[in-house]
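Read through the structure below, which is laid out as structure tokens, and then see the notes.
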Protein chains: 4
Amino acid sequence: MARTVDPRRHARRRLQIIDAGLSVLAERGYEGATTAAICRRAGIGSGTFFHYFATKRELVLAILELGTAETHEQAAALDGRDDPVGVLLDLVGGWAADAADPRIPGFVRAVAGVMHLPAVATALQADDRAQREVLLPWIERGQAAGEVRRDVPAARIASWLVLLTGGFLERVATDDAFTAVGERDLLVRTAESFLRG
Amino acid sequence: MARTVDPRRHARRRLQIIDAGLSVLAERGYEGATTAAICRRAGIGSGTFFHYFATKRELVLAILELGTAETHEQAAALDGRDDPVGVLLDLVGGWAADAADPRIPGFVRAVAGVMHLPAVATALQADDRAQREVLLPWIERGQAAGEVRRDVPAARIASWLVLLTGGFLERVATDDAFTAVGERDLLVRTAESFLRG
Amino acid sequence: MARTVDPRRHARRRLQIIDAGLSVLAERGYEGATTAAICRRAGIGSGTFFHYFATKRELVLAILELGTAETHEQAAALDGRDDPVGVLLDLVGGWAADAADPRIPGFVRAVAGVMHLPAVATALQADDRAQREVLLPWIERGQAAGEVRRDVPAARIASWLVLLTGGFLERVATDDAFTAVGERDLLVRTAESFLRG
Amino acid sequence: MARTVDPRRHARRRLQIIDAGLSVLAERGYEGATTAAICRRAGIGSGTFFHYFATKRELVLAILELGTAETHEQAAALDGRDDPVGVLLDLVGGWAADAADPRIPGFVRAVAGVMHLPAVATALQADDRAQREVLLPWIERGQAAGEVRRDVPAARIASWLVLLTGGFLERVATDDAFTAVGERDLLVRTAESFLRG
DNA sequence: CATGAATGAGTTTTCATTCAT
DNA sequence: AATGAATGAAAACTCATTCAT
């Protein structure tokens, strides 16, 4: 009658590995992040790792999926707002704030570096699409309300907002003088100016 | 018995390996680009590879340095021009055009993925600095002439122009609907609008 | 609080694991038969497996011992017969019939493949000896009665009868055109001819 | 202008590994024969092993193919003979003599133990077929000449001769009292008696 | 210079087995 | 008894790099 499966325990353990993986991947890149290093960081044995993830690659995918899910949750939290441009700038500003966690840009770089793995490319594109899908309806509402430029189709505008946040992330990672906190305001203003056209 | 090195022959061989390396790195990422694969692509034996580059990493650094050198050459070609904003937009537009060569974004991603290697980080930052240094004097001249916004220091503006081209490159690599040719015009217009403030 | 072991339940469980082990070993060989696979087949958890067998190897030994015991039981069932050659041919024919169970040759192959484990070698030789010991008295009685050749010592004749059944088993396992049912008759005739000398 | 590929050297090295593999596989079985052990025996580094064989399994297949090729060569050496039964008994006797090399039965057992690997099963059946194909024409000639029984089709007789040698091999491997040299004569006599019917 | 055979450190992954519940 | 999460030793295999020819 023993029931050993405690889903809570399982989920906690899983997150613990994901967290360690995120750190080590950000620090050392995909190949530098050996499973041994991740296990050491997570404080588990190598066997345990493969109890939770069949493959190192699967861990990466799980982290990416977590991010995609988070993006979708953000979308839900915006229900009820009525200022399209404000919403869009909040989203862009929020993503820029993520760059303040030094692990995010490192992880993004690490994962982009193995984009030639089809599964990674797919997950990365899903993440990308999620961001654009969150933006799209608000851009359309803004256009309908005359608050957003109409000379560029909504979908392209979405891509350009993602371009701005992507470039921002990369800049923070590359250039020590360019900090997420210090440049965020200019990002939001630039995005607004872009939206107005 | 003296075997004098024919520098012409040597340089040609070197470029041949660099070209193969660029392709294979773009396609398969840093670790996926085995020296064996690069040698196969270059049509040489593995021993020959190490005659020209002491290390796989050194090949990557050589490619990056080539890019940095190219950037400096671009700067020299602008001597004599007198329209700062025009020069800046030509530079940004030209970098965007690079993204049309599908190997460039792939190579950039691959290299960013191993940025945890100190030598690579250094070379990448040198490249980055080169771009900003090319922009900087023209931004300053533009500000002096009143054609470029003055509310943001010239160095930061340089960073932001690089941000735009970096984000552009990434976008082209990620999103099939976002093409270098199709979006270049909007990039230039957005850069101009940013410069005007 | 004493939990008394129900020996009936215990024995049933044990046989259930042995049965699963026999199947999986036959299908996948010794190393291919992971304890996980055997547990899955038996419908038990991995922990349970080790309640019944201290080691995967011990399971194999248990299966072999079961076979050896069966051979001894066969011997007992022959008490009272008076036709030595008939008995010998019944034994050989019966063993050949075992080959019709497709698990038998597979299991035998799997176990022979790990004969380098001393315990397995010992168990296999015990099984072998059991077969020869069952045969031996009947060969001797047949020789005494003048029905079995005397130019070869009884023990060697026993070895040769085992050779025939062993070769038969192997053939059935290797050659699809060679079926236990179809060739059994020729086996018995060949054994008889061998016994007559 | 360096030409490093010396096919002679390559073939010698390859055989050296095959020889070591044969020994270690015979001694320790398929899984017990780690690539490390084989390399140690062959006096090479692990990298060299995989220079010659892409996989441990491929080494096994190479050994089996060598055996199959040898069987075909034997067939060629019999051209011109005119005594079918003599030829058949020479073949059977020759195969029995192989059992005197203690590595042969051990290797056969080891390989049979991983017959669940499709490639191994195929190679093993090719080997088996080769033996039967060598026997078949001589059985047919013997039947035509009235020297071989006609109540059993030639192909089945071939299977039975292989059955005898297979059982013989197994016996030598299992039973210390059963030696290849001591029992070979009885094998040939038994085979002859079987052929006469 | 050019070659490719040889190397072995380092990686991911598997799996029998243990043990707390 | 029964369970399955946790473990870590061991295995196959990869790949940058060296070096004799």
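Chain identifiers are assigned alphabetically (A, B, ...) following the order of the sequence lines, protein sequences preceding nucleic acid strands; residue numbering begins at 1 within each chain. FYI, side chains are in, hydrogens and waters are out, and symmetry mates aren't considered; it's all heavy atoms of this structure. Here the structure is a predicted model, which is why all the values come from computation and not from measurement.
With contacts defined as side-chain heavy-atom distances shorter than 4.5 Å, the pair Arg103(C)/Leu25(C) does not qualify. Between Leu59(B) and Phe49(B), the closest side-chain pair of non-hydrogen atoms falls below 4.5 Å. Inter-residue side-chain proximity for Arg13(A) and Tyr52(A) is flagged as met; some heavy-atom pair is nearer than 4.5 Å.
Taking atom CZ on Arg14(D) and atom P on dA6(E), their separation rounds to 13 Å, with Å as the unit. Summarising the geometry, the separation between NE2 on His10(D) and C1' on dT3(E) is reported as 15 Å, rounded to the nearest angstrom. Atom CD1 in Ile38(B) sits about 15 Å away from atom C1' in dT14(F), given to the nearest Å. When rounded to the nearest whole Å, the span between CG of Leu25(D) and C1' of dA12(F) equals 14 Å. The CD atom of Glu58(C) sits 16 Å away from the C1' atom of dT18(E) (whole-angstrom rounding). Atom pair Arg8(A):CZ and dA5(F):P shows a separation of 16 Å (rounding to whole Å applied). Atom-to-atom, CD1 of Ile44(A) to C1' of dT12(E) comes out at 14 Å; the value is rounded to the nearest Å. Here dT18(E) presents its P atom at 15 Å from CZ of Phe53(C), a figure rounded to the nearest Å.
In this structure, of dA2(E), dA5(E), dA16(F), it is dA16(F) that holds the atom nearest to the side chain of Phe50(B). Closest contact between the side chain of Tyr52(A) and the listed nucleotides dC1(E), dA6(E), dA6(F) involves dA6(F).
The environment of Glu70(B) atom CD is sparse: at most 12 non-hydrogen atoms of other residues, nucleotides or ligands sit within 6.0 angstrom.
Projected onto DNA chain F by closest heavy-atom contact, Gly43(A) and Phe49(C) fall at different nucleotides, the more 5' of which corresponds to Phe49(C). Of the two residues near DNA chain F, Arg57(D) and Arg9(C), the one whose nearest nucleotide lies more 5' is Arg9(C).
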**OP:** Evaluate side-chain contact (heavy atoms from CB on, under 4.5 Å) for Thr55(C) paired with Val60(C), printing each intermediate quantity in order.
**Re:** CA-CA 9 Å; Thr55(C) 283; Val60(C) 172; over 6 Å; no
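In this model, no side-chain donor or acceptor of His51(C) finds a partner on the base of dA1(F) within 3.5 Å.
Salt bridge absent: Arg14(B) and Asp19(B) never bring a charged side-chain N and a carboxylate O closer than 4.0 Å.
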Anything under 3.5 Å between a protein N or O and an N or O of nucleotides 9-11 of chain E, put it in a table, one pair a line.
from, atom 1, to, atom 2, distance (Å)
dA9(E), N6, Ser46(D), OG, 3.4

Enumerate donor-acceptor pairs with a distance under 3.5 Å from any side-chain N or O in residues 106-124 of chain B to protein atoms, sequence neighbours excluded.
from, atom 1, to, atom 2, distance (Å)
Arg109(B), NE, Ala112(A), O, 3.3
His116(B), ND1, Arg28(A), O, 3.1
His116(B), NE2, Arg28(A), O, 2.6
Thr122(B), OG1, Pro118(B), O, 3.0

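For the strand DNA chain E, secondary-structure stems (runs of at least three Watson-Crick or G-U pairs, all distances below 3.5 Å) span E:2-21 with F:2-21.
Annotation: salt bridge (charged side-chain N to carboxylate O under 4.0 Å, His left out) contacts involving residues 32-41 of chain D, sequence neighbours excluded, comprise Glu27(D)-Arg41(D). The salt bridge (charged side-chain N to carboxylate O under 4.0 Å, His left out) contacts involving residues 111-127 of chain A comprise nothing, where partners must be two or more places apart or lie in separate chains. Contacts classified as salt bridge (charged side-chain N to carboxylate O under 4.0 Å, His left out) and involving residues 46-66 of chain C (residues at least two apart or in different chains) are not found.
Note on Arg13(D): a side-chain N or O is less than 4.0 Å away from OP1 or OP2 of dA6(E). A sub-4.0 Å separation between OP1 or OP2 of dT7(F) and a side-chain N or O of Thr48(A) is present.
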